[in-house]
Amino acid sequence: MSTNPFPLDKADLMKAYRTMRTIREFEERLHVEFAKGDIPGFVHLYAGEEACATGIMMHLTDVDRIASTHRGHGHCIAKGVDVHEMMAEIYGKATGACRGKGGSMHIADLAKGMMGANGILGAGAPLVCGAGLAAKFRGDGGVGITFIGDGASNQGMVLESMNLAAVWNLPVIFVVENNGYAESTSVDYATAVDSYVDRASGFGLPGVTVDGTDFFAVYEAAGEMIRRAREGGGPALLECKMVRFFGHFEGDAQTYKAKGENDYNREHRDCLKIFAARVRETGVVTAEEFAAVDQEVGALIEDAVASAKAAPLPSARDLTSDVYVAY
Amino acid sequence: MARKISMKQAINEALDLEMRRDPAVIVMGEDIVGGAGSPGEEDAWGGVLGVTKGLHAKYPGRLLDTPLSESAYIGAAIGAAACGMRPVAELMFLDFMGVCFDQILNQAAKFKYMFGGKAKTPVVIRAMVGAGFRAAAQHSQMLTPVFTHVPGLKVVCPSNAYDAKGLLIQAIRDDDPVIFCEHKNLYGHEADVPEEAYAIPFGEAAVVREGKDVTIVSYGLTVHRALEAAERLAKERIEAEVIDLRTLSPIDWDTVLESVETTGRLVVVDEANPRCSIATDVAAHVVQEAFGALKAAPQMVTAPHTPVPFSPVLEDLYIPTADAITAAVSKIAPRAMAA
Ligand SMILES: Cc1ncc(C[n+]2csc(CCOP(=O)(O)OP(=O)(O)O)c2C)c(N)n1
Ligand SMILES: [Mg+2]
């Protein structure tokens, strides 16, 4: 028996791997399906960024709420949203997580504590202040976590929310997903400070920057912040530096990236590869065990796509339902 | 010399010509040059759908990529306008107005009046509007009535490349704040457009089809649906006059009223949600001013009172169709006319 040097037991290591692998497979498959022209609208893929969502969500349960972004598939999967329902939603089907009314950019599952992917950048920050406030009133130790891109971090409402969370000492974590780009614009151009942690300190929030391609770095930093927030220690900011493997949205020619940038990232900064290699090295999980997960996940996504394609479309009635609870 | 170009090219050309003419014209927005600070190509995007592509090379330093901070840069455009510049700010999707509305509603719109006539704010805010792009509830709205409601703002929504060029040139030269609404599903639509600069005055609707039996009033994408309906109605010997409002504030009441005086029947088609819309506005005005001429109750064909759905099957039901317009006309057309 090999000794386990990680802060997670074997079952959790397997769970983390399965989550990251599921996100990766989901996104790689969408990339292929989108190119076929079957998927309507805007699709923003999370491939390359899996360690961030997973490293954080491993600490959460359904009482904890998250607010996601336009690049939300990874957050959804890591928070436990049903993969079949997600896929059906992206195909605009009646069986989708939002009955086909939201699409990729608005997948939500309130019962799972997933307050929605969001097409308005920065909008999740005020919302999780509300989630944190509600958790405080409920007294269940829940936390609110918002994901914010490097670009969205420059929204006024994000900055206002940091102050509000600090003033009200809310159990809220601001996670800055710094993948270097907002659409085609570099973070170096659009953000004047070198580190988002400097911003946090300006609002009286503790902050940490981690390598977002390192699952364990994210896991440990997030764990500490979440524990502190649950105990009434207040808000914090976690900046994860990471890479996106695909374009801003599907169809983006990515002319703003350096030549070979995607290849380099896939070779050297692939969070999934890095995780698997590190865990395998210790012998805690074997290559065969990972391969078995790969196979299961492959089958899961295959089935999700097949059933999404076969699923019924919404009916005309659905156009006008759900606008109000009662009217 | 006129040649066929798309509405996207026409808008690019209007910006180009006005930047050449007037050094006070500057353009700002997210990714309007694209690739700022990035390791790859410069002018990488030229706007999220490429509308401003190529302008950066011609006017270096006058196109400003902005951080993702609408409140700050839309406000800065308004402030610069009040200080002698003629900024054209791109708010990618008009839906994002929620993030920066104070600067538009309480600042730009009110300076002139609130300061006793002493200020002027010649800013243009360009933004995409409209459904049909499968872009769902937060990237598809036709929010024209919201802006039309606000005194001090001018609101423009062209239906074709020719009008887009002339109206944008007018918008840039205009001394008031203008909300310039570009229907994203019309960007590829082509028309004959002269190469030179020309301005289309605000408050002048276009009669895009003449007819004596019914007046169909619309703007933006649904003008094309109205024309489609008119073609079908012609086969039933109903001749519809189709009016493209082009600008919603100011609005050309005269053209609408004159037409209704002749036809006695009105159908207003509006892609916006139905309550307090351009449709209700036009119908109410016609009822008040031309009640005696009306032979039937004005009809309104609008989007339903719902957000814009994602699923294509639902979104296609959301946008007013030629079928719905035809049905509305048939409802008020005299029986003798119907086939
Ligand atoms: C309020 C608002 N402004 C602009 C946009 C358009 N937009 C969508 S994604 C994006 C870039 C986002 O960059 P970032 O926050 O870094 O997230 P990433 O895409 O890198 O995950 C922009 C400008 C939007 N959806 N909402
Ligand atoms: Mg980013």
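Here is how names work: the chains are called A, B, and so on, in the same order as the sequence lines, proteins then strands, and each is numbered from 1.
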Peer 1: Distance check, rounded to the nearest 0.5 Å: A/L121 atom CG versus B/E70 atom CD?
Peer 2: 7.5 Å
Peer 1: When you look at B/D31 and A/S184, which way does the side-chain hydrogen bond (donor to acceptor under 3.5 Å, both in side chains) test go after all the steps?
Peer 2: CA-CA 6 Å; B/D31 300 271; A/S184 72; 2.6 Å; yes
Peer 1: Measuring from atom NE2 of B/H139 to atom CZ of A/F42, what distance do you get when rounded to the nearest 0.5 angstrom?
Peer 2: 6.5 Å
Peer 1: In terms of heavy-atom contacts, does CZ of B/R134 have more than 12 from other residues, nucleotides or ligands at under 6.0 Å?
Peer 2: yes
Peer 1: Is it the case that the side chain of B/E41 and the backbone of A/Y256 share a donor-acceptor pair, with hydrogens and angles ignored and the cut-off at 3.5 Å?
Peer 2: no
Peer 1: Decide yes or no on side-chain contact (heavy atoms from CB on, under 4.5 Å) for A/H70 and B/Q138, but give the supporting numbers first.
Peer 2: CA-CA 11 Å; A/H70 57 292; B/Q138 297 174 338; over 6 Å; no
Peer 1: Picking from A/D188, A/N118, A/D322, which has the most non-hydrogen pairs under 4.5 angstrom with chain B?
Peer 2: A/N118
Peer 1: Taking all non-hydrogen atoms of both residues, which atom of B/L314 and which atom of A/S315 are closest, and how far apart?
Peer 2: CD2-O, 3.4 Å
Peer 1: Working to the nearest 0.5 angstrom, can you tell me the gap between B/L68 CG and A/T185 OG1?
Peer 2: 8.5 Å
Peer 1: Looking only at non-hydrogen atoms, find the nearest pair between B/S38 and A/Y181 and report the distance.
Peer 2: OG-CE2, 3.5 Å
Peer 1: Who passes ring-ring contact (aromatic ring centres under 6.0 Å, His included) against B/F111, sequence neighbours left out?
Peer 2: B/F115
Peer 1: Let's test your reading of the structure: which of A/S153, A/A152, A/A316, A/G102 forms the most heavy-atom pairs below 4.5 Å with chain B?
Peer 2: A/G102
Peer 1: In Å and rounded to the nearest 0.5 Å, what is the CD to OG distance from A/E89 to B/S311?
Peer 2: 8.0 Å
Peer 1: So which part of B/V99 gets closer than 4.5 Å to some heavy atom of chain A, the side chain, the backbone, both or neither?
Peer 2: side chain
Peer 1: Answer yes or no: are there more than 12 heavy-atom neighbours, outside B/K331 itself, under 6.0 Å from its atom NZ?
Peer 2: no
Peer 1: Of all of B/A36, B/P304, B/G98, which one pairs up most often with chain A through heavy atoms under 4.5 Å apart?
Peer 2: B/A36
Peer 1: Is chain B contacted by the side chain of A/I39, its backbone, both, or neither, given a heavy-atom distance below 4.5 Å?
Peer 2: neither
Peer 1: Could you check which of A/A190, A/A123, A/G100 has the highest count of heavy-atom pairs closer than 4.5 Å to chain B?
Peer 2: A/G100
Peer 1: List the atom of A/N154, the atom of B/S69, and the distance in Å for their closest heavy-atom pair.
Peer 2: O-OG, 2.7 Å
Peer 1: A/D150, A/V323, A/L319: which one forms the most heavy-atom pairs within less than 4.5 Å of chain B?
Peer 2: A/L319
Peer 1: Which one wins on heavy-atom pair count under 4.5 Å against chain A: B/G34, B/G40, B/A44, B/A72?
Peer 2: B/G40
Peer 1: Can you tell me how far the NE2 atom of A/H106 sits from the CZ atom of B/F310, to the nearest 0.5 Å?
Peer 2: 9.0 Å
Peer 1: In Å, rounded to the nearest 0.5 Å, how long is the span from CD of A/Q155 to OG of B/S71?
Peer 2: 8.0 Å
Peer 1: Anything in residues 257-268 of chain A with a heavy-atom distance to chain B below 4.5 Å? Please list those residues in order.
Peer 2: A/K257, A/A258, A/E261
Peer 1: Counting a contact as any heavy-atom pair under 4.5 Å apart, which residues of residues 242-253 of chain A contact chain B?
Peer 2: A/H248, A/F249, A/D252
Peer 1: Taking everything shown except B/K53 itself, do over 12 heavy atoms lie less than 6.0 Å from its NZ?
Peer 2: yes
Peer 1: Check ring-ring contact (aromatic ring centres under 6.0 Å, His included) between B/F147 and all other residues, then give those that pass, not counting sequence neighbours.
Peer 2: B/F101
Peer 1: Could you tell me whether A/K93 atom NZ has more than 12 heavy atoms of other residues or ligands within 6.0 Å of it?
Peer 2: yes
Peer 1: Does B/H305, at its NE2 atom, have more than 12 non-hydrogen atoms belonging to other residues, nucleotides or ligands within less than 6.0 Å?
Peer 2: yes
